[in-house]
Amino acid sequence: MESVPAVFAGVVFALFGGALMVWTGARVRRAEPVAVGVNRVASAVFAGATAVVSLGLAAYCLTRP
């Protein structure tokens, strides 16, 4: 059974990663900048990669013994 801190961290990572993925997708779909003053492609790639890493950390936290 997972420890309570690992479950809490996993849920936080999952919520953050999911929200960031949805927000980035919505901004890219509307052709709006993801970050002000930064190249659109670079900011979208960085935000997407951050979301994927966060979801990976959530999976790790929730599946480790």
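With sequence neighbours left out, Val11 forms a side-chain contact (heavy atoms from CB on, under 4.5 Å) with Val7, Leu15. Listed by chain and residue number, Ala58 satisfy the side-chain contact (heavy atoms from CB on, under 4.5 Å) test with Ala14 (two or more places apart in sequence, or in another chain).
Screening residues 25-36 for side-chain hydrogen bond (donor to acceptor under 3.5 Å, both in side chains), with sequence neighbours left out, gives Arg27-Glu32. Here side-chain hydrogen bond (donor to acceptor under 3.5 Å, both in side chains) pairs that include residues 33-60, with residues two or more places apart or in two chains, number zero.
Residues Thr24 and Ala47 come closest through the heavy atom pair OG1-CB, 3.5 Å.
Cluster partners of Leu57 are Phe13, Val53, counting Ile, Leu, Val, Met, Phe, Trp and Tyr whose side-chain heavy atoms approach within less than 4.5 Å, directly or via other members. Summarising the hydrophobic clusters (Ile, Leu, Val, Met, Phe, Trp, Tyr; side-chain heavy atoms under 4.5 Å, direct or chained), the residues clustered with Val52 are Met21, Leu55.
Residues Leu20 and Leu62 fall into different hydrophobic clusters, defined by Ile, Leu, Val, Met, Phe, Trp and Tyr side chains chained together at heavy-atom separations under 4.5 Å.
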